[in-house]
Every structure is written in structure tokens, then in C-alpha cells.
S.K.: 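To start, I am sharing the structure in question, which I have written as C-alpha cells.
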Amino acid sequence: MATAEQYDNIPKLRRIAMFLVMIGPDNAARILKSFDDLEIEAISREMVEIELIDEAIQQAVLREFSGLLLESAGSVKGGYEVALEVLEKTKGTYAARNIVGKMAPTKDSKEVIDEIGEMEARQIANLIKGEQPQTISFLLGSMEEHKAAELIQLLPPDIRSEVVLRMGNLEPTPGTILNKVVKNLSRHLDNRGHQTMTHFGGANRVAKILNLVDKSISKVLLTELEENDSTLGAQVRQKMFSFNDLIRITVPDMQRIMREIDTSTLVLAMKPAPEILKEKIYSSLSKRAAEGLRDELDMLGSVRLKEVEAAQESIIGVVRQLEEDGEVSLGGDDNAFV
């Protein structure tokens, strides 16, 4: 049994909402007609949040609002559907849905993104074709990378670059902005989401997606990104192909690359490289050259990280230029191990 003190601690508005739930939609609708719109919305909000009213609370409510009787067994259920039914009888269908729509059951924002992500890329493209680039960038930044790459290729060319730029500059975002973005997206699914959305922006995310995009589109987008934001463009370009990605290069292409790199630079770059990559490099050299490289690497003492990074960047620059000239392919070696 609820004590008087426990019942008194329940806000008055919530007690009214409980009472209206208990007496049923028809009676509640007649009572609500005496309230103004703001009061109706406030009471309805309370009704939406009510799940179950136990018997002890029912008795306390009835003692307070003894003008009407209620026969009930067990618990009485409130919630969205009850509030909607009451309001439809009071305000009509359109007005009721407008009021309760603001309080409709929500999906977790991740569920909204996942649900959109399960669609075919072309369906998603049609779904968001009227959205602002910022909204699209949030969506791409939150989707599985292969799907994001498919989708970006279907975007109109005139907004691709802006979407990539905005995605690259995504930072931790206030919840209110995320709520607005998810609300924009979720309206396509006739649901609302207002919880924090997991999103991944920045240069690394853009680089991963552009690596999966058609090469001709990726090249244009990267060039335009560098023109619009040179710092971000340089970061993305650096992350799109790292020194360790050389493991994906075929042996013939690796041999071509090795002809353009001096040994001192190669030794520095290989210092922290995984053993599998070292073996790949050795296999692309003559036996004598490979033995000499092993010896130099064994004799190399401690070196500054910045020196290693500079050497690796130098080699990556050579690789990119060779690919630009069509002499090597970064498409990958189907026999490479990871």
C-alpha cells in the first residue's frame, strides 16, 4: 500500500495523468476538454511516460479524485497508445498526432543509422537526396565503410567534395546537434531518434572510405579536398596509403619501386616494419642486395621516430608517383597475408 507521504511526493500533474489513464479514453477525453492546449500537452506528456500503475497507487488516486469510479483488477497500463487515443477523442486525429508525435517512442540513434545502412546504397541515395551536405556527412561517417564508399559514388558530383570535406572536419559534436541530425534522418523511417549517435569523422575515416571508392572518383575528391583544405587533404592522402600497406603490392611492382629508392632511406623506413613486410621487400631484391640490406638493418642502432617517418613518407611519395604514371598498381596482391 502506498503511504500518504509516497503519494504526496508524486507531482500533481502526474497524478492527474494517472487518473485519466485509469478512467479510460472516453471519460478522459471529456475531462481534457476543460483544459487549454498547453495544459493538454503537459498532461499528455505525463501520460506517455506512465507504464504501469500499481493497485496501491490506484487506490490513492481514487481517494484524491473520488468524483469518478474505476473498476480495475491488477495494474493499469498507460503509454503512447493510450495518450494518443485520449487525445484523438479530445482534439481530433490530426491535432492529437501533432501533440503526441513530439513524444513518440524513440529509437536509439544507432538503430536508426543501422536501419538505413541495411538498405541498398541506391535506396539510401534516393532517401537522402534532399538532405544538406552536413547531414549526409554524419550519415557516411556513421555507416559501415564499404556501404559509405558505395553511397558516395552515387551522390551528385557537385556535392561529393563538400560532403567529404565536412566529414573530414567532423569533431565531437554537442548532443543537440546530433539530435537534430538523427531526427532529420529518422523521419524517412517514420521514427524519431534523439540519443547520442556514434559517429566517426576525421581524416582517417575519409581515407578509409576513399580507398574503397572508384579510383577516378577518389582521385578527383582528394584533389578537390586538398584545394579546399590543404591540411586536411594532406592528412587524408597520408592515411590513404601507409608504408605498411606495401605488403599489398605485388612482387613485380615492389621490384619497380625498389629501383627508385636508395638503401639508406629504405633501411630507416624498415626499422619498425613488421617482419612480413621486411620479407616481402627482401624477396623483391637480388640475393646479394637482400643480404646487404639485412646487414645494414641489423647494424642500425636507435633512430628518431621523425627520421623513420620522413623516410617512410619519402618512399610513399615515390609509390604514389609511380602509380600516377601508371607503372605500379596499389590495387593489392591477392596472395598477401595480414
S.K.: Please give me the minimum heavy-atom distance between Leu140 and Ala148, naming the atom from each residue.
M.R.: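 The answer is CD2-O, 3.5 Å.
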S.K.: To the nearest 0.5 Å, what is the distance between CG on Asn169 and CG on Asp229?
M.R.: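 Taking CG in Asn169 and CG in Asp229, the distance rounds to 5.0 Å.
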S.K.: Once side chain to side chain contact (heavy atoms under 4.5 Å, CB included) is applied, do any residues pair with Ala290, and if so which ones, sequence neighbours excluded?
M.R.: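 Checked Ala290 against side chain to side chain contact (heavy atoms under 4.5 Å, CB included); matches are Tyr282, Leu285.
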S.K.: Any donor-acceptor pair under 3.5 Å linking the side chain of Asp253 with the backbone of Ser329?
M.R.: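 Yes, because the side chain of Asp253 sits within donor-acceptor range (under 3.5 Å) of the backbone of Ser329.
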S.K.: Can you name the closest pair of heavy atoms from Val251 and Lys280 and give their distance?
M.R.: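 Taking every non-hydrogen atom into account, CG2-CE, 4.0 Å.
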S.K.: So which heavy atom on Gln312 is nearest to which on Pro272, and how close?
M.R.: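 In this case the closest contact between Gln312 and Pro272 is NE2-CG, 3.9 Å.
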S.K.: Are Glu260 and Val319 close enough that some pair of their side-chain heavy atoms sits under 4.5 Å apart?
M.R.: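 A side-chain contact is absent here, since even the closest heavy-atom pair is not under 4.5 Å.
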S.K.: How far apart are the closest heavy atoms of Leu154 and Ala125, and which atoms are they?
M.R.: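 Heavy-atom minimum between the residues: CB-CB, 4.1 Å.
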S.K.: Give the intermediate values and the outcome of side-chain contact (heavy atoms from CB on, under 4.5 Å) for residues Ile249 and Val328.
M.R.: CA-CA 8 Å; Ile249 301 292; Val328 301; 5.8 Å; no
S.K.: Roughly how far, to the nearest 0.5 Å, is the CD1 atom of Ile50 from the CE atom of Met22?
M.R.: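 If I round to the nearest 0.5 Å, the distance is 10.0 Å.
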S.K.: Ignoring hydrogens and geometry beyond distance, is a side-chain donor-acceptor pair present between Asp262 and Ser264 at under 3.5 Å?
M.R.: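 The criterion, which ignores hydrogens and geometry beyond distance, is satisfied for Ser264 and Asp262.
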S.K.: If I take atom OG from residue Ser314 and atom CD1 from residue Ile261, how far apart are they, to the nearest 0.5 angstrom?
M.R.: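 Separation between the atoms: 7.5 Å.
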S.K.: Which heavy atom in Lys271 sits nearest to a heavy atom in Leu300, and how many Å separate them?
M.R.: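 Shortest heavy-atom separation between Lys271 and Leu300 comes out as NZ-O, 3.4 Å.
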S.K.: Please evaluate residues Phe243 and Val308 with respect to the criterion side-chain contact (heavy atoms from CB on, under 4.5 Å), reporting the C-alpha separation (whole Å), side-chain torsions for both, the decisive distance (0.1 Å), and the verdict.
M.R.: CA-CA 11 Å; Phe243 182 76; Val308 172; over 6 Å; no
S.K.: What residue among Arg166, Glu162, Gln132 forms side chain to side chain contact (heavy atoms under 4.5 Å, CB included) with Ser137?
M.R.: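 With Ser137 as partner, Arg166, Glu162, Gln132 yield a single side chain to side chain contact (heavy atoms under 4.5 Å, CB included), made by Arg166.
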S.K.: Is Ile159 reachable from Val220 through a run of I, L, V, M, F, W or Y residues, each pair having side-chain heavy atoms under 4.5 Å apart?
M.R.: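 No.
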S.K.: I would like to know whether Ile124 and Glu150 meet side-chain contact (heavy atoms from CB on, under 4.5 Å); could you show each step before the answer?
M.R.: CA-CA 10 Å; Ile124 301 173; Glu150 283 185 70; over 6 Å; no
S.K.: Answer yes or no: is there a side-chain heavy-atom contact under 4.5 Å between Ile217 and Leu210?
M.R.: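 No, every pair of side-chain atoms sits at 4.5 Å or beyond.
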S.K.: Applying side-chain hydrogen bond (donor to acceptor under 3.5 Å, both in side chains), which residue pairs with at least one partner in residues 285-301 are found, sequence neighbours left out?
M.R.: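 Checked against side-chain hydrogen bond (donor to acceptor under 3.5 Å, both in side chains) - neighbours excluded - the pairs reaching residues 285-301 are Glu279-Arg294.
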S.K.: Between Arg160 and Gln153, is there a donor-acceptor pair closer than 3.5 Å when you use the side chain of the first and the backbone of the second?
M.R.: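 Yes, because the side chain of Arg160 sits within donor-acceptor range (under 3.5 Å) of the backbone of Gln153.
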S.K.: Is Asp245 salt-bridged to Arg248, cutoff N-O under 4.0 Å?
M.R.: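 Yes.
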S.K.: Is it true that a side-chain atom of Glu46 and a backbone atom of Ala17 form a donor plus acceptor pair closer than 3.5 Å?
M.R.: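 Not a single qualifying donor-acceptor pair exists.
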S.K.: Arg14 and Glu49: salt bridge (Lys or Arg N to Asp or Glu O under 4.0 Å), yes or no, with the steps?
M.R.: CA-CA 9 Å; Arg14 174 60 67 91; Glu49 293 180 0; 3.1 Å; yes
S.K.: Please test Lys278 against Glu275 for side-chain contact (heavy atoms from CB on, under 4.5 Å), starting from the C-alpha separation and ending with a verdict.
M.R.: CA-CA 5 Å; Lys278 291 178 182 177; Glu275 197 61 34; 3.9 Å; yes
S.K.: Quick one: are Ile152 and Leu221 in side-chain contact, heavy atoms under 4.5 Å?
M.R.: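 Ile152 vs Leu221: side chains touch.
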S.K.: If you round to the nearest 0.5 Å, how far is NE2 of His146 from CG of Leu151?
M.R.: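 Interatomic distance, Leu151 CG to His146 NE2, rounded to 0.5 Å: 14.5 Å.
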S.K.: For Ala207 and Val236, work out which heavy atoms get closest and say how close.
M.R.: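 Heavy atoms only, the tightest pair is CB-O, 3.7 Å.
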S.K.: Nearest 0.5 angstrom please: Met47 CE to Ile43 CD1, how far?
M.R.: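 Separation between the atoms: 8.5 Å.
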S.K.: Between Thr223 and Lys219 (side chain of the first, backbone of the second, donor and acceptor by atom type, cut-off under 3.5 Å), is there such a pair?
M.R.: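 Such a contact is found between Thr223 side chain and Lys219 backbone.
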S.K.: Within the distance-only criterion (no hydrogens, no angle test), does the side chain of Ser44 pair as donor or acceptor with the backbone N or O of Ile40 below 3.5 angstrom?
M.R.: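 Yes, because the side chain of Ser44 sits within donor-acceptor range (under 3.5 Å) of the backbone of Ile40.
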